[in-house]
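Counting starts at 1 for both ligands and their atoms, following the listed order. The residues of the chain are indexed from 1 along the displayed sequence.
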Amino acid sequence: MNPSRRLLLKHLAFRASEISPLDGLVSAPPDGECFIAWPEVADRAKRLASALVELGVQPGNRVATLAFNDHRHIDAYLAVPCLGATLHPINVRWNLDEMASVLEHTRDRIVFVDASLMDRAIALADRCPWIEHLVRMGPAETGDGPSTVRANLSITDHDELLASSPAITEWPDLDEHEIMAMCSTSGTTGVPKTVAYTHRTTCLQTMALGLTDCMRLSGRDTVLAIVPMFHALGWCFPYACGMLGARLVLPHRDLGPNRILDLMVNHEVTTSVAVPTVWNAVLAALDANPGRWNLDRVDRIVSGGAAPTATMIRRFRDEHGVEVIHSWGMTEINPVGTMSPAATTREEAALDPNDQLRHQQVAGRPLPGLKLEIEDEDGQQTPHDGTSTGRLLVSGWWVAQTYAFNHPDGDRFRSDGRLDTGDVASIDDRGRMAIRDRAKDMIKSGGEWISSLALERAIGDFPEVATCAVIARPDDRWGERPIAVVSLAPAASLDLATLQTRLAQAFERWQCPDDLILVDSIPLTSTGKIDKKTLRRQFPS
Ligand code: ADP
């Protein structure tokens, strides 16, 4: 195939520098906020590429990053894959054991490191003797961590590397099936799993983000990229902005709700992407500071990675005029699978807003190129009637065929190309998919299944509740019984009897939690999802 016809990142990610050369990205690292126009973004990537060649990077090598969302991270995001090497963003919130266990497989020789994480990277290099170079992103900080650097580990400065390197003249022509990145799951249900993304899968995913019925991303948008770039390649948003010429705002480390709101208002952000816990915290900050932030410019936000509550979607719409687009995805699928805007079809556009809201609560339709199916325990297809549930299978253009390295869960990839997602879902007669639970989180009581997610959504809608998790407690008689772990809104109170009485309006008595445990805060995973592994350890019986 002629190289110009191949789905390569280089054909897509630099388009902004031609169509929108005056626009670019805003980056807000601790050493100072800066604006970089798209042509300069492209030039920086080319200079970093020649620096990488000087450091001995060959096509197929893996280059890691340990960094937050900022412009220096973008340099690596573009240069490494376009050069033919594999970008490997490491989850900065992992502990050293977790990082080392993944690097044991990926064996990256070079790690680009945010300046604030240098001590951690030096300690990591002590555990991983194959690491030869650390590239510090940002001015050196004085920390109180390890100050001695082992022999054979060199440290260079990212900005100096760029300044001293000429731009490469051309990006190489690669095979579109070449691996361009590797990302790992956050480990919500077990050991992190690493997935390889190719140029082809990433280009197709990035193209899909620009579709009107996906999230209506356009070159007129300003996108605040909250989702960390190490979480499933930042859901490909950095690449989509480079493709369309949308302005990209990169917040770096501080993702507190006040900071997010300040950035949204100061930079006239029109859209953003994050997990529901972030959006709930943003709502709480808006409540606590009436009139401080005006979200008039914000048109829509994407909530993905976990289930949002109906209250969250409704309150953004009614109180702030912001549409919440609900998205489902997973690291194994590059990662976006569905998007659920308020109305996609003519039929939905004619519905009244409350019926539209009902549809927004479900994960929505698969993006073009993907197919969703549900099957029962005997492997039989479950009807698409909106109520029958089954295990969710996904296949299509950007679904991985295997984990990058052996993993006990590897058998979820079937030989016919379908991936068993581990989710339990229903699909209605218009193709709208609703996640009912993660299979591992379903509670089996007296032989009947109880959806922890359905209870969490219902309890999460109580005005007294800030965050809620429902987990199983072992029970001699029933096998398992649900218990609710809840953190309350400021100055609110809630007792078990009230919780059970309210839930009884929508659930059978046997489905309602037997216990209510009030906690100050619910533990979250490194990507901001509820950490049920930790909760089960905290409340074993
Ligand atoms: P981890 O498995 O470590 O959490 P991922 O981020 O890849 O890593 O998680 C993908 C999983 O997250 C999905 O299989 C699903 O269980 C959950 N998920 C993603 N989006 C949603 C959503 N909109 N509603 C409910 N669950 C979701």
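Residue Met330 touches ligand 1 through backbone and side chain together, judged by heavy-atom distances below 4.0 Å. Contact annotation for Ser327 and ligand 1: only backbone heavy atoms (N, CA, C, O) come within less than 4.0 Å of the ligand. Residue contacts with ligand 1, taken as heavy atom pairs separated by less than 4.0 Å, do not involve Ala232 at all.
Heavy atoms of Ala363 stay at 4.0 angstrom or farther from ligand 1. Contact between Thr527 and ligand 1 is absent, with no heavy atom of the residue lying under 4.0 Å from the ligand. Residue-ligand proximity: Gly422 is placed with every non-hydrogen atom at 4.0 Å or more from ligand 1.
The N/O atoms of His231, backbone and side chain alike, include one that comes under 3.5 Å of an N/O atom in ligand 1. Between Gly305 and ligand 1, at least one pair of N/O atoms sits closer than 3.5 Å.
Side-chain atoms of Asp437 and Trp449 form no donor-acceptor pair, as typed in the model, at a separation below 3.5 Å. Between the side chains of Ser340 and Arg432, no donor-acceptor pair is found at a separation under 3.5 Å.
Screening residues 319-329 for salt bridge (charged side-chain N to carboxylate O under 4.0 Å, His left out) gives Arg216-Glu323, Arg315-Glu319 as the qualifying pairs, with residues at least two apart or on separate chains. Under the salt bridge (charged side-chain N to carboxylate O under 4.0 Å, His left out) criterion, no residue pair touches residues 222-242, with sequence neighbours excluded.
For the atom pair CG (Leu103) and OG1 (Thr194), the distance works out to 9.5 Å, reported to the nearest 0.5 Å. Between the OH atom in Tyr403 and the CG atom in Asp411 there is a gap of 9.5 Å [rounded to 0.5 Å].
Each of Asp475, Asp514, Asp515 was evaluated against Arg481; a single residue qualifies, Asp514, per the salt bridge (Lys or Arg N to Asp or Glu O under 4.0 Å) test.
Remark: among candidates Ile333, Asp423, Asp531, the nearest residue to atom 13 (C) of ligand 1 is Asp423, based on non-hydrogen atoms. Of the options Lys440, Arg438, Arg436, the smallest heavy-atom separation from atom 17 (C) of ligand 1 is shown by Arg438.
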